[in-house]
Structure formats: C-alpha cells, structure tokens
**Student:** 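The structure's right below; bear with me while I get my questions together.
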Amino acid sequence: MSKLVLIDGNSIAYRAFFALPLLNNQKGVYTNAVYGFTTMLLKVLEEEDPSHILVAFDAGKTTFRHETFDEYKSGRQKTPSELSEQLPLIRETLDAFQISHTELANYEADDIIGTLSKQAEAEGWDVRVYTGDKDLLQLVSDKTTVALTKKGVTNIESYDVAAIDEKYGIKPAQIVDMKGLMGDSSDNIPGVPGIGEKTALKLLKEYDSVENVLDSIEHISGKKMKERLTEHKKQALMSKELAVIYRDVPLQVAIEEIKRRSYDTKQLSELFKELEFQSLLGSIDGAENEKESLEDISFEAVDTLSEDMLKSPSALMVEVPHENYHHADIWGISVVHEDGRYYFPLEAAVKSDAFRKWAQDASKEKYTFDTKRAMVALGWHGITLKGVTHDALIASYLIDPSVSSHSVTDIASRQQKNIVHSDEAVYGKGAKQKKPEDPDLAEHLVRKGEAVFTLKPRLEEELKNNEQFQLFTELEMPLTLILGEMETTGVKVDKQQLEKIGTELDEKLDQLQSDIYELAGTEFNINSPKQLGPILFEKLDLPVIKKTKTGYSTSADVLEKLEDKHDIIPKLLLYRQVSKLKSTYIEGLLKVIHPDTNKIHTMFNQAITQTGRLSSTEPNLQNIPIRLEEGRRIRKAFISAEPGWSILAADYSQIELRVLAHIAKDEGLMEAFQKNMDVHTKTAMDVFHVDEDDVTSNMRRTAKAVNFGIVYGISDYGLSQSLGITRKEAQEFIDRYLASYPNVKEYMDDIKEEAREKGYVTTLLNRRRYLPEITSKNFNRRSFAERTAMNTPIQGTAADIIKQAMVDVNEALNNQNLHSRLLLQVHDELIFEVPEEEIDTMKELVSSVMEKTMQLDVPLEVEVSYGPTWYDAK
DNA sequence: GAGATCACGC
DNA sequence: GACGTACGTGATCTCC
C-alpha cells in the first residue's frame, strides 16, 4: 500500500521558529527553525514510514489569488530575517535527506499539496498532510488525513472526517464556506464582518454552503444579520473563493518521482555537524556505526610502564565509562606528551611503581578532562592523583557554561580539531554501551589524550582573554580536588534509622491510602495524576482550578485551594508528602549506600549550572528535606563516620541579598546588614513605609516573597503565584520595592544594558553567562533574558564566595593539621564532621574563614551549629 | 526509552 | 498568532 506524506514547508518552519529559542551555532548561524523542522521530519519518517514524500514551499509574493483580491495576505508582518535565513538551510537538509521539495510561481504550498493529494487519492493511496494551517483541513477525505501542529512542532493533532465533524460539526469541504463567512485575519480574507466562527458554523449547519446562506437571507433570523449578509454578499463569495485550494496545479514533478529514498548519511552527518545538531547525529541510521575517518594517529599499547613514558607535562586520560565513578570500573588509561602516546590497561597502572610515583607526584604536571572522575576512580584503587593543573572540562564550562556538551569530542570540534570520535560512536549508547575491542579502545583514549594535550593552550588562551584564568587556576581547579575528597570521604548514614522512619511512613501511607479510597468511594492509583484528576473533578465535582496539557492539574498549589472543599484533599496532600519521603529519601538513599564503605558518596557536578552553583547527583544531597518536620527527620540518619564526632553546619545568612546590597551599593539595603537587622522586616519597613513595630506578619511575608523573587529572578507572574495575588498587584510590589531601593533599580537597569552591549553578564570573580536572547524581538524570551541578567551576577557571586570559602577552609584545615572533614556543600552552607576536641576550634575557624573569604561592602555573616546528627545541627 | 507531572532543596 | 515563566535532581506513571 502506498502512502504519501505532504509537508507544508513554510508553515512548519514558521512553527518551529516560534516554538524554539533562537539557537545558533558557533558561526552565529541561526538554527532553531532548522532544528525543529528536522526533529519533526525524523519523527514523521519513523512514525509514518511513507512510501512517497514531498515538502511544498510557497513561491514568491504574489499568487493567482492576488488577481481576485489584491489585498490578499497584505498587512501581514514580514517574516523575521532570523527565520528567512534558515529556509535555504531547510532545503539543504531536505536534499541531504533526499526528500523532494518544490515550489511553483503563482501558487502557494497549499495548492501543490492539494494537487498531489488529489492525484494520490486517484491512485488509491493514503495521504497524510503536515501543516500548521487549518485551511488544509478542507483536503480531508476517506483517504487523506491532516496533522495540525498543536503546540511546538512535534505535538500534533490528527484530523480525519470524523474529527472535523466532532470539532466543527461540518464536512471537510465546508471549511471553505466557514472561511467565506468568518474570513481569516492572518491572510487578510475579509469574510462577513460581525460573523465569527460560532455564527458561521451555525449558519452552515442549517444552510450547508455560503451560496445557500446567501440565497436564504430572508429566512435567517436577526435584522442585523440580514443586513450584514446582504451588504457583504460579494465579499463572502470572494472570501470563499480565496480559501479554496486549487487542486490542478501544473506541477513539474510527477508523483512517481517523489518516492522516498534512503538518505545520504554522509552529507547529512556533515550538515548536522556544521549546524551542531549533536543530539540528532545519533538518530541518523548508520551514523553511529559509520565513524568518520580521522587522520591516523600513532601510539604504543603497553603492559609494562617505564619512567620515560611518563613525563611532565602529560595529558592523562582515565576512562571511567559508567556515570557513577564510585564503582571504579576503569576501562583503560592513556598518557600523551610531546614525545609519545601510550595506552595501558588499569592492571598495568596499579602494579607499576613508576605510574604510582608519577601519578602521586604533585610536581609532575597533568592535563585531564574531568579530573574528579579520574581522581575518585583511581582513589578507589589506592592511587592518589596529584599534580593536575589543567582540566579541559572545567575550562570549557567557564568559557561558556551554556554549551550543551563539554565532551572531549565536542570541545575539540569547537576548536576546529576533528581528532577524536564521540564516545557514543565508539562505545554505543544507553543499554547498548559496551567496551570495544582493545585496539579500538586504545586508539580512542589516545585520541582523547591527544586532544586534551593540544587543546590546553587554546583553552587557556580563551580563559585569559576572558580574564578568567585566575578563576580557573585558583578557584575551580583547587575546588575540583576538594570536591573529589568530599565525595570519596562520603557521608555516613544510619541505615537502621532510615529503615525505622521508613516503617513509620509505610504505616502512615497505608492508613492514608484506605482513608482516601473511602472518601473517594473507589480504589485507584493515587500516584497517577491521570487517575486522580477525574476522581476529584468529575466524581467529586470539585472546581477545576488549572489544567495541564494532558488533563486536570492536581499539583499542590491547586489542592491547597481546594483544601476546605472536601476532606479528601488534606489527606491527598499528606499522602503526596509522605510518599515522596518514602520513595525519594528512604528508598532512594538506602539504594545508594555504598556496599564497601556503608556510606553515601554523592557526585558534585562542577560543570552544569548556568550560574556557577554546584549540583549533586546519585544521590542529590542538596535537597534533603528541612522545611517540614516530618521530612526533616530524615536528617537524623546522617551521622558522622567516627564514633563521638559531630556534624557541624555553617551557613551564610542571606548571602544573596548581601551580595545584591554590595553590587548595587544601595544604602537602604546595606543598612539592614550593617545593623544586622532581619532583612525581610527591613524590606517591609522600606516598602510599606512603616516603623519596625508596625510591620505586620503579612507585610513581612510579602517582603520576604519579594526578596525571594529578587534573588531568584522570578517574574511578576512568579511572585503572583507565590503570594496568591494578581499579576498586577505583584508588579506593584516590585515597583514599590525598586522605588524604595533606588540603587537596586539602577543596578537592574545598568546590568540589562551591559548584557545588551556585551552579550553576557559576569560575577565578582568573572564567571560568565551569555544572554543572546536579551535582544530577542519575542517579549517572553527577552524578558527571561533580562531577569537572568539581573539574577545571575547575584546568584553567581554567591556561588563564587562559597566556593572560595571551601578552598580557604580546606587550606586552614590542612595548615592547622585538623582532623575535621568537609562533607557537603548545599549552596549557602558547608557541612563538616568534627571530632569532639576540635568543636570549639572549628566553630571559630569556619565562621571566621567564611566571613573573611571575600571583602564586601556589607559584612558576611555565618551561623554555625552542630550536633550528633545533621538534624541536630540546626 | 521518553515525556509529562509532581515535589524537594536553595 | 506566537506564549511561558528562578534552577537542578529524581520518582512515578504512561505510552510507545
């Protein structure tokens, strides 16, 4: 059975362009529409598996419709140049896919599609049309269906005859009559003034067509309506005519010629590389097997190491293929320096005194990619890696934190050095990942080493150009080692304690579950929003507050609004809270207790966030509950590894707002900190113009939310959500805030201007974040970029400070030969384990080092607390 | 395996 | 006509 897919090229490109942020490659070529178009194309090819396919484009400005109506499509906004530039690239992509595309002077893409679908139907084929334009619904028949883009590009809604009947109550052929009556503002088709979709459909249900409606004007009720129809008779007929797709276009392509061909893998992968569509490279059949040919590279694979193979400086690659490097599986090691390239298996390294000595010698310089991974994995094999002076991962991240992949391969290709295959190409991906044959693995690791070695000067040069070299060598590189030590040390957890809490939670869950079933009058999966929605909003008939794209929203903020409407609601909220604790924190944490150490070893990602903060995974120890007592108890399971030691927590008080006060040099705000006031109360005083004693709890709550908004860069919308007020009211609070703190206002304006001029913003230590969308014509994207511009220097500087504090504290611990150990960092706090006899020293030392780490115009304040468990350190 | 929804921390 | 709202991680459900 033949199946023809027809794609409305301009329409889909248009949708893709607006659905995606304005992406561009290194050369500054915009690619978002091409990307969106291509993802849709890949999905269509896979899902439809068509035998024939063609993409139709509009040609030129005028078509035969302009002869009927010279105002046709006039008044339309010009296509943005960022989009029209991409249309040739889309055609190029289609060529690489070997998919036919065509356009024809005097006709629109619609007409080409109409003509080919007619021909295909005559042959008895199935036809499927992809477009964002409802006009094409008129082509729907027994053989033809239309896929309309709903949201974005890949989210589509499919229309057959029944679906059109359901939605509009008319036949496909009547779509043009509908247009004739209601018109189409986007094409400047006038229709009949005063008639919209509703009225048009009502008339058509009774009279079938525009012609019949006009012939029956006297029977139609309503004086106004009669007048309108009489007066605009001609216009209605013309509008209908304009909407009719012409299905006998003199096409040059014969239908047999648009047979689907297999695509040109080489051309396509080259194009994707050029456009930097890394994620799509993998989805091209054959691309992962067919590695591009790289220039030969010579190396030695050895089983015994000698000293002359290990020089200073060398690139050192330790391949730890599994995401979690605490399990220490190492596939192989390569060393590359000026005089040679070597590959050897882990066993060779472990048994080699020469390697151990070299690796542990801080004076032997090493360049790596992801030092922490290599360091921790080697550490598990008893080798303490030292002397790393350059980490390409960290360098790449500092140069531009937004790039989606910092792999060796991608860093190399960004520097125009195609000398290393992707890991995916060599190892496969996902479940298919496997260790390749020895020579292939060896060559791959050597290539990575070669890339790291040769790219080092280029990356350093970029860092220096950005004035980030100091940030790199004196902050982030030392920090990597500290994080590695923290991860290797791990945190002791009391397994029995976790299990005990788990049992209690289970009992609660059982009780809640049966209560909920009883209140609902039925049993269902409470964890499924899809099942919960209908029960709440249909069976129990509660008011619908919010919908998601797949159904009713049942999120906590919705449920809170319904709290006193039904007894089931508080039970649900509690159920959610308890089951989150059980699954994420009890079961999740028990799962990641390392069998060898009985501790939890998280991994801090130092190269992921856009602001410079760290993140934590497997498990995430930066989101252990604290707000609600029920969850806070989880912290009782976090204990010190040594008997009698304590957990000590030191947190910066209001660090972001202090940073803001410093950056903006705002007197009102600075006063709050210089006098050590409660900052939210102070904000309430300034915003509401009242004395301290007259600040109500509600005023303070509002002020706190506004401060929160400032720190996290939320919008008026975000603030309105958190305070449960209207957007307008939220904006008023923001305006009052800025009026109270004029220098903050000035800072906000200046930083936006700076972002527009430079294209990026920086933190106190020159961390950088690019904001290309700050000049976007799209209001939402531009606004988002502006909020980011205001927020990133604040949050990023706070991140700089605590990172610097970690380096300083670590140095102090070493200098004073203390046994206390840094365990965790949670954005504004540091967690240590401390022997009894060092408690007093540490209380003093940690707070003074943290407070002195950076000299701001306002004092930094640190609060220290400690106890036998993390819970008690409050 | 991917995407949607929900929830936790800062 | 577009359209989505601080970030990052993780669990579960659902559909393919």
Side-chain angles (χ1 to χ4, degrees), chain A residues 11 14-21 46-47 76-77 80 83 132-134 149 151-152 154-155 184-187 429-432 525-533 548-559 572-573 576-585 587-589 591-592 602-603 605 608-628 631-632 634 651-652 655-656 708-722 727 777-781 783-788 790-792 794-795 798-799 802 825-829:
Chain A
S11 166
Y14 206 68
R15 288 289 171 147
F17 179 75
F18 283 109
L20 294 168
E46 161 134 18
E47 283 178 7
R76 226 186 212 201
Q77 277 213 339
L83 170 56
D133 185 349
K134 290 196 180 71
T149 53
K151 190 185 169 187
T154 47
N155 187 348
D184 181 344
S185 60
S186 72
D187 285 347
K429 71 167 175 180
K432 281 183 245 161
N525 185 345
I526 308 172
N527 288 319
S528 163
K530 206 188 157 192
Q531 292 180 40
L532 176 61
T548 67
K549 51 185 127 176
T550 50
Y552 305 105
S553 171
T554 65
S555 61
D557 60 319
V558 168
L559 296 186
L572 282 170
L573 284 164
R576 284 250 176 95
Q577 190 196 330
V578 175
S579 75
K580 170 83 179 175
L581 291 176
K582 180 75 178 37
S583 66
T584 305
Y585 297 106
E587 283 165 7
L589 289 175
K591 239 186 289 180
V592 291
T602 185
M603 293 181 292
N605 196 332
I608 191 87
T609 71
Q610 301 304 300
T611 55
R613 277 185 169 185
L614 301 173
S615 76
S616 155
T617 57
E618 284 187 72
N620 180 351
L621 292 183
Q622 293 183 317
N623 71 344
I624 303 300
I626 187 164
R627 235 179 63 249
L628 302 168
R632 192 173 197 158
I634 301 282
D651 66 292
Y652 279 113
I655 187 164
E656 282 98 350
F708 180 86
I710 299 285
V711 166
Y712 288 119
I714 63 174
S715 57
D716 54 353
Y717 173 86
L719 183 62
S720 74
Q721 291 294 302
S722 69
R727 212 164 139 164
K777 292 181 187 77
N778 179 305
F779 174 81
N780 295 318
R781 289 185 194 155
S783 303
F784 184 50
E786 286 174 353
R787 294 202 301 278
T788 310
M790 298 184 279
N791 162 252
T792 296
I794 302 172
Q795 208 184 106
I802 193 155
Q825 187 252 45
V826 191
H827 307 308
D828 64 358
E829 79 178 311

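Throughout, protein chains are lettered first and strands after them, A, B, ... in sequence-line order, and every chain is numbered starting at 1.
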**Student:** Counting heavy atoms from C-beta on, name the nucleotide in C/dC15, C/dG10, B/dC8 closest to the side chain of A/Lys530.
**Tutor:**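 So the nucleotide nearest the side chain must be C/dC15.
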
**Student:** Can a side chain N or O of A/Lys580 be found less than 4.0 Å away from OP1 or OP2 on C/dT12?
**Tutor:**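 Checking C/dT12 against A/Lys580, no side-chain N or O comes under 4.0 Å of OP1 or OP2.
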
**Student:** B/dG9, C/dT12, C/dC15: which one has an atom nearest the side-chain heavy atoms of A/Glu587?
**Tutor:**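 Selected nucleotide: C/dT12.
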
**Student:** With rounding to the closest Å, how many angstrom separate the P atoms on B/dA4 and C/dC3?
**Tutor:**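 These two P atoms come out 14 Å apart once rounded.
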
**Student:** Distance criterion of 3.5 Å, no angle test: do you see the side chain of A/Arg613 paired donor-to-acceptor with the base of B/dC10?
**Tutor:**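 Under the 3.5 Å cut-off, the side chain and the base do form a donor-acceptor pair.
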
**Student:** Among the nucleotides C/dC13, C/dG8, C/dC3, which one has an atom lying closest to any side-chain atom of A/Gln610?
**Tutor:**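 The closest nucleotide is C/dG8.
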
**Student:** May I have the distance from A/Leu572 (atom CG) to C/dT12 (atom C1'), rounded to whole angstrom?
**Tutor:**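 For the pair A/Leu572 CG and C/dT12 C1', the rounded distance is 16 Å.
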
**Student:** C/dG8 pairs with which nucleotide, Watson-Crick or G-U wobble, both distances below 3.5 Å?
**Tutor:**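 WC or wobble partner is B/dC8.
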
**Student:** At under 4.0 Å between heavy atoms, what does A/Ser715 touch on the DNA or RNA strands: base, sugar-phosphate, or nothing?
**Tutor:**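 Base contact.
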
**Student:** Give me the distance, rounded to whole Å, that separates C/dG4 from B/dT5 when you measure between the P atoms they each carry.
**Tutor:**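 Between the two P atoms, the distance is 12 Å.
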
**Student:** Output the rounded distance in Å from CG (A/Asp828) to P (C/dC7).
**Tutor:**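 Spelled out: CG on A/Asp828 to P on C/dC7 is 19 Å.
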
**Student:** I need the CG-C1' distance between A/Leu532 and C/dT12, as an integer number of Å.
**Tutor:**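 Distance, rounded to whole Å: 14 Å.
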
**Student:** Is the phosphate of B/dG9, meaning OP1 or OP2, less than 4.0 Å from a side-chain N or O of A/Arg627?
**Tutor:**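 For B/dG9, OP1/OP2 do have a side-chain N/O of A/Arg627 under 4.0 Å.
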
**Student:** A/Ile714 side chain: which of C/dA6, C/dG8, C/dC13 is closest?
**Tutor:**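 Selected nucleotide (nearest to the side chain): C/dA6.
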
**Student:** Can you tell me which nucleotide in C/dT12, B/dC10, B/dG9 comes closest to the side chain of A/Asn527?
**Tutor:**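 Of C/dT12, B/dC10, B/dG9, C/dT12 is nearest to the side chain of A/Asn527.
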
**Student:** Is the shortest side-chain heavy-atom distance between A/Thr584 and A/Asn623 below 4.5 Å?
**Tutor:**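 Counting from C-beta outward, A/Thr584 and A/Asn623 never come under 4.5 Å.
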
**Student:** Would a 4.5 Å heavy-atom cut-off, applied to side chains only, mark A/Leu532 and A/Leu572 as touching?
**Tutor:**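 SC-SC contact between A/Leu532 and A/Leu572 confirmed.
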
**Student:** With respect to the side chain of A/Tyr712, which nucleotide from C/dA6, C/dG8, C/dT5 is positioned closest?
**Tutor:**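 Closest of the options to the side chain of A/Tyr712: C/dA6.
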
**Student:** With a cut-off of less than 4.0 Å, is there a side-chain N or O of A/Ser615 near OP1 or OP2 of C/dC7?
**Tutor:**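 Result: no.
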
**Student:** What's the CG-P distance between A/Leu573 and B/dA7, to the nearest Å?
**Tutor:**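 Distance, rounded to whole Å: 8 Å.
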
**Student:** Looking at every non-hydrogen atom in both residues, tell me the closest pair between A/Leu621 and A/Ser616 and how far apart they are.
**Tutor:**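 Reported closest heavy-atom pair: N-OG, 2.8 Å.
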
**Student:** A/Arg787 side chain: which of C/dA6, C/dG10, B/dC10 is closest?
**Tutor:**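 Closest nucleotide to the A/Arg787 side chain: C/dA6.
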
**Student:** Give me the distance, rounded to whole Å, that separates C/dT5 from B/dC10 when you measure between the P atoms they each carry.
**Tutor:**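 So the two P atoms sit 23 Å from each other.
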
**Student:** Counting only side-chain nitrogens and oxygens, does A/Thr554 get under 4.0 Å of the OP1 or OP2 atom of B/dC6?
**Tutor:**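 Checking B/dC6 against A/Thr554, a side-chain N or O does come within under 4.0 Å of OP1 or OP2.
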
**Student:** Look at the side chain of A/Thr550 and decide which nucleotide, out of B/dC6, B/dA4, C/dA6, has an atom nearest to it.
**Tutor:**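 For A/Thr550, the side-chain atoms sit closest to B/dA4.
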
**Student:** Could you give the CZ-to-P distance, from A/Arg576 to C/dC13, as a whole number of Å?
**Tutor:**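 So the two atoms are 12 Å apart, to the nearest Å.
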
**Student:** With respect to the phosphate group of C/dA6, does any side-chain polar atom (N or O) of A/Thr788 fall under 4.0 Å of OP1 or OP2?
**Tutor:**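 For A/Thr788, the contact criterion (side-chain N or O under 4.0 Å from OP1 or OP2 of C/dA6) is not met.
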
**Student:** Looking for any heavy atom pair under 4.0 Å, which part of the strands does A/Gln721 touch: base, sugar-phosphate only, or nothing?
**Tutor:**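 A/Gln721: no heavy atom of the nucleic acid under 4.0 Å.
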
**Student:** Which of these nucleotides, B/dA7, B/dC6, B/dC10, is closest to any side-chain atom of A/Phe708?
**Tutor:**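 The nucleotide sitting nearest to the side chain is B/dC10.
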
**Student:** Between A/Arg787 (side chain only) and A/Gly713 (backbone N and O only), is there a donor and an acceptor less than 3.5 Å apart?
**Tutor:**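 Pair found, side chain donor or acceptor close to backbone of A/Gly713.
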
**Student:** Which atom pair, heavy atoms only, marks the closest approach of A/Thr792 to A/Gln610?
**Tutor:**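 So the minimum-distance heavy-atom pair works out to CG2-O, 4.5 Å.
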
**Student:** Nearest to the side chain of A/Tyr14, which nucleotide is it out of C/dA11, C/dT5, C/dG1?
**Tutor:**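 Given the options C/dA11, C/dT5, C/dG1, the side chain of A/Tyr14 is closest to C/dG1.
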
**Student:** Please work out if A/Tyr717 contacts a base, only the sugar-phosphate, or nothing of the nucleic acid, heavy-atom cut-off 4.0 Å.
**Tutor:**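 It contacts base atoms.
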
**Student:** Between C/dC13 and A/Asn525, is there an OP1 or OP2 to side-chain N/O distance shorter than 4.0 Å?
**Tutor:**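 Answer yes for this pair, as a side-chain N or O of A/Asn525 is under 4.0 Å from OP1 or OP2.
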
**Student:** Kindly say whether A/Leu719 contributes a backbone atom to a donor-acceptor pair with the side chain of A/Ser722 at under 3.5 angstrom?
**Tutor:**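 Present.
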
**Student:** Across the strands shown, which category fits A/Ile624 at heavy-atom distances under 4.0 angstrom: base, sugar-phosphate, nothing?
**Tutor:**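 Sugar-phosphate: the residue A/Ile624, judged by heavy atoms under 4.0 Å, touches backbone atoms but no base.
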
**Student:** Counting any heavy atom closer than 4.0 Å, what does A/Arg632 reach on the DNA or RNA strands: base, sugar-phosphate only, or nothing?
**Tutor:**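 Nothing, no heavy atom under 4.0 Å.
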
**Student:** For a quick check of understanding: with a heavy-atom distance under 4.0 Å over all strands, which category does A/Tyr585 fall into, base, sugar-phosphate or nothing?
**Tutor:**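 Sugar-phosphate contact only.
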
**Student:** Select base, sugar-phosphate, or nothing to describe what A/Ser783 touches, counting heavy atoms under 4.0 Å on all strands.
**Tutor:**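 Since no nucleic acid heavy atom lies under 4.0 Å of A/Ser783, the category is nothing.
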
**Student:** May I ask you to verify if any side-chain N or O of A/Ser616 is less than 4.0 angstrom from the OP1 or OP2 atom of C/dT9?
**Tutor:**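 Looking at the OP1 and OP2 atoms of C/dT9, neither is under 4.0 Å from any side-chain N or O of A/Ser616.
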
**Student:** Any idea which heavy atoms bring A/Ala798 and A/Glu656 closest together, and the distance?
**Tutor:**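 Closest approach of A/Ala798 to A/Glu656, heavy atoms only: CB-CG, 4.1 Å.
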
**Student:** Please report, rounded to the nearest Å, how far the C1' atom of B/dA7 is from the CD1 atom of A/Ile626.
**Tutor:**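 Taking CD1 of A/Ile626 and C1' of B/dA7, I get 16 Å after rounding.
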
**Student:** How is A/Gln531 classified with respect to the nucleic acid when contacts are heavy atoms under 4.0 Å: base, sugar-phosphate, or nothing?
**Tutor:**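 Sugar-phosphate only.
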
**Student:** Students often get this wrong, so: under 4.0 angstrom with heavy atoms, is A/Val711 touching a base, only sugar-phosphate, or nothing?
**Tutor:**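 Nothing: the residue A/Val711, judged by heavy atoms under 4.0 Å, touches no strand.
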
**Student:** Would you kindly give the CG-to-C1' distance between A/Asp716 and C/dG4, to the nearest whole Å?
**Tutor:**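 My rounded result for the distance is 11 Å.
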
**Student:** Provide the Watson-Crick or G-U wobble partner of C/dC3, both distances under 3.5 Å; none if there is no partner.
**Tutor:**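 With both distances under 3.5 Å required, C/dC3 matches none.
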
**Student:** For B/dT5, does either OP1 or OP2 sit under 4.0 Å from a side-chain N or O belonging to A/Thr548?
**Tutor:**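 True: A/Thr548 side-chain N/O within range (under 4.0 Å) of B/dT5 OP1/OP2.
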
**Student:** Taking C-beta and beyond as the side chain, do A/Thr602 and A/Gln622 meet within less than 4.5 Å on heavy atoms?
**Tutor:**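 The answer is no, as the side chains (C-beta and beyond) never meet within the 4.5 Å cut-off.
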
**Student:** Measure CD/A/Glu618 against P/C/dT9 and give the value in whole Å, please.
**Tutor:**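 Rounding to the nearest Å, CD of A/Glu618 and P of C/dT9 are 11 Å apart.
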
**Student:** For residues A/Tyr712 and A/Gln795, report the shortest heavy-atom separation together with the two atoms involved.
**Tutor:**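 For A/Tyr712 and A/Gln795, the tightest heavy-atom pair comes out as CD2-NE2, 3.6 Å.
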
